[in-house]
Each structure stands twice: as structure tokens, then as C-alpha cells.
Enquirer: 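Have a look at this one before I ask anything.
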Amino acid sequence: MMRNALLRSTATAVASSSARPAIRFASRPILVNASRTQLQNGQKRMYHEKVIDHYENPRNVGNLPKGDQDVGTGLVGAPACGDVMKLQIRVGEDGVISEVKFKTFGCGSAIASSSYMTERVKGMTLEQAGAVKNTEIAKELCLPPVKLHCSLLAEDAIKSAIKDYQSKRAKRVSATTTPPTAQSSPSVATA
């Protein structure tokens with residue numbers, strides 16, 4: 001409800017302002033400073049500058065080829081708010097994440113959490129990346145309690161991507177190390 005009020009007041013401000021075209025609202029919600037927008041009951045709502053930075057300048061947006069054996073894909077969503085996050089990792093032979101990409105459909109905090117996660121895990125081992133917790137993301141981005149689910153999505157996404165990569169790797173390893181089939185007993189030739 002508060003989000004809708006923020007978006008409505010932002011849309012009104014954008015529509016009445018010549019500084020920003022109204023079409024900007026149609027493509028993305030605009031994140032505004034609390035000093036410019038008042039919510040119901042005199043409450044102020046503000047996104048931290050780190051969230052705004054990652055939202056307006058997201059890092060590592062894109063896709064990696066899903067079929068590549070060295071790529072793991074995590075796709076997670078939060079039905080309650082409608083956020084959907086896809087995070088992909090490319091892992092080198094040394095077990096270190098060499099490339100990370102994401103695509104997120106959701107609020108500014110979800111996009112910022114995805115963007116931050118890609119920066120955070122690049123160069124880490126799978127074990128280190130799997131140990132990144134949502135509380136670390138929330139603390140770094142200064143997310144309010146109502147937005148903690150966004151950081152939890154990022155944590156779930158990296159864990160899902162790691163699991164997908166490990167599953168692909170296990171299949172690849174088992175295919176190359178499959179023991180030969182049991183040899184049949186030699187047949188006796190009869191004359």
C-alpha cells in the first residue's frame with residue numbers, strides 16, 4: 001500500500017515536472033529522496049544512496065549461455081511481491097567464479113541486491129559464494145526490514161546457481177569416469 005502511494009505521488013510529480021518525461025515512469029519506477037516525497041501520515045520513505053546507485057547503474061546485467069557446462073543458473077521468485085531474479089555464474093577449472101550475470105524483475109531493492117551480489121561473488125570460490133548471507137547484503141545496502149526479502153532472494157539465487165553448476169559438473173564427471181560395462185564371459189567356439 002505504501003509502495004503504491006509512493007509510486008502514485010512520484011507519477012504525479014513526474015507528470016507535472018518538465019525536468020523528467022512521464023515515460024520514465026512507464027519503464028521503471030522512479031526512486032526518490034524522502035525529502036521530496038511525503039507518504040501517508042507524514043511518514044518519510046527513502047532509499048539509501050547505495051540502493052539508488054545499484055538501481056540506476058546496475059552491474060553485470062545480462063545472460064550467460066545456459067547450456068554451457070561451466071555455467072550455473074539460479075532462478076528464484078517471491079510470489080508475495082512478484083520479484084523474480086535470475087542469477088548466472090561461470091566457474092573456472094580452479095573452482096573460482098569468473099563471471100556473473102543477472103536479470104531481475106522487481107523493485108529497486110531487488111535489482112540493487114542482485115547487482116551487489118554479482119559484484120560480491122565474482123572471484124570467490126563456490127564455497128565462499130555459498131556462504132554469503134542475506135544479512136550481509138541488507139547491511140551493505142542499508143535495506144529497511146520491509147525489504148529484507150530482496151536480499152534473501154539474492155542469497156537464494158546464488159545458492160541455486162551453485163547447485164545447478166554442481167549438478168552439471170557431477171553429470172559431466174560421472175560421464176567421463178563411468179566404469180566399463182561388465183565384460184561378458186568369453187564364448188566358446190564349437191566346431
Enquirer: Rounded to the nearest 0.5 Å, what's the gap from CD1 on I89 to NZ on K122? Could you check?
Expert: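 The NZ atom of K122 is 13.0 Å from CD1 of I89, to the nearest 0.5 Å.
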Enquirer: Taking M117 as the starting point, is it possible to reach V100 by hopping between hydrophobic residues whose side chains are less than 4.5 Å apart?
Expert: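 Yes, V100 connects to M117 through the hydrophobic network.
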Enquirer: If you look at every heavy atom in R172 and D70, which pair is closest and at what distance?
Expert: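 In terms of heavy atoms, the two residues are closest at NH1-N, 4.4 Å.
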Enquirer: Is it possible for you to say whether M124 and V91 belong to one hydrophobic cluster, with membership spreading through side-chain heavy-atom contacts below 4.5 Å?
Expert: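 Per the 4.5 Å side-chain linkage, M124 and V91 are co-clustered.
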Enquirer: Look up atom CD in Q128 and atom CD1 in I97, then write down how far apart they are to the nearest 0.5 Å.
Expert: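 Nearest 0.5 Å value for the CD-CD1 distance: 9.0 Å.
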Enquirer: List, one per line, each side-chain donor-acceptor pair under 3.5 Å for residues 129-142, sequence neighbours excluded.
Expert:
| residue | atom | partner | partner atom | Å |
| --- | --- | --- | --- | --- |
| E136 | OE2 | R120 | NE | 2.2 |
| E136 | OE2 | R120 | NH2 | 3.0 |
| E140 | OE2 | K50 | NZ | 3.1 |

Enquirer: Heavy atoms only: give me the nearest V51-L143 pair and the separation to one decimal.
Expert: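 For V51 and L143, the tightest heavy-atom pair comes out as CG2-CD2, 3.8 Å.
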Enquirer: Can you run down the side-chain hydrogen bond (donor to acceptor under 3.5 Å, both in side chains) pairs that involve residues 93-102, sequence neighbours left out, and say none if there aren't any?
Expert: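 Residue pairs with at least one partner in residues 93-102: R90-E99.
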Enquirer: For residues 156-165, which side-chain N or O atoms pair as donor and acceptor with protein atoms under 3.5 Å away, sequence neighbours left out?
Expert:
| residue | atom | partner | partner atom | Å |
| --- | --- | --- | --- | --- |
| K159 | NZ | E155 | OE2 | 2.8 |
| D164 | OD2 | T73 | N | 2.8 |

Enquirer: Under 4.5 Å between side-chain heavy atoms, hopping through other hydrophobics if needed: is there a path connecting L148 to L153?
Expert: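 Per the 4.5 Å side-chain linkage, L148 and L153 are not co-clustered.
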Enquirer: Find out whether D83 and H149 are in side-chain contact, i.e. whether some heavy atom of one side chain is under 4.5 Å from a heavy atom of the other.
Expert: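 Yes, close enough: below the 4.5 Å cut-off.
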Enquirer: Kindly state each residue pair satisfying salt bridge (charged side-chain N to carboxylate O under 4.0 Å, His left out) with at least one member in residues 105-115, sequence neighbours excluded.
Expert: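 Listed by first then second residue: nothing to list.
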Enquirer: If the condition is side-chain hydrogen bond (donor to acceptor under 3.5 Å, both in side chains), which residues does S114 pass it with, not counting sequence neighbours?
Expert: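 S114 satisfies side-chain hydrogen bond (donor to acceptor under 3.5 Å, both in side chains) with T104 only.
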Enquirer: Do you know the tightest heavy-atom contact between D68 and K168?
Expert: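 Heavy atoms only, the tightest pair is O-NZ, 3.1 Å.
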Enquirer: Are V71 and L87 connected into the same hydrophobic cluster when the rule is that any two of I, L, V, M, F, W, Y join if their side-chain heavy atoms are below 4.5 Å apart?
Expert: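 The answer is no; the residues belong to distinct hydrophobic clusters.
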Enquirer: Report yes if some heavy atom in the side chain of F102 is under 4.5 Å from a heavy atom in the side chain of P58; otherwise report no.
Expert: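 The answer is yes; the side chains approach within 4.5 Å.
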Enquirer: Let me confirm one number: the SG-OH distance from C107 to Y55, rounded to the nearest 0.5 Å.
Expert: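 Going from the SG atom of C107 to the OH atom of Y55 covers 9.5 Å.
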Enquirer: Considering residues at least two apart in sequence or located in another chain, which fulfil the side chain to side chain contact (heavy atoms under 4.5 Å, CB included) criterion with E119?
Expert: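 So E119 forms a side chain to side chain contact (heavy atoms under 4.5 Å, CB included) with H54, R59, N60.
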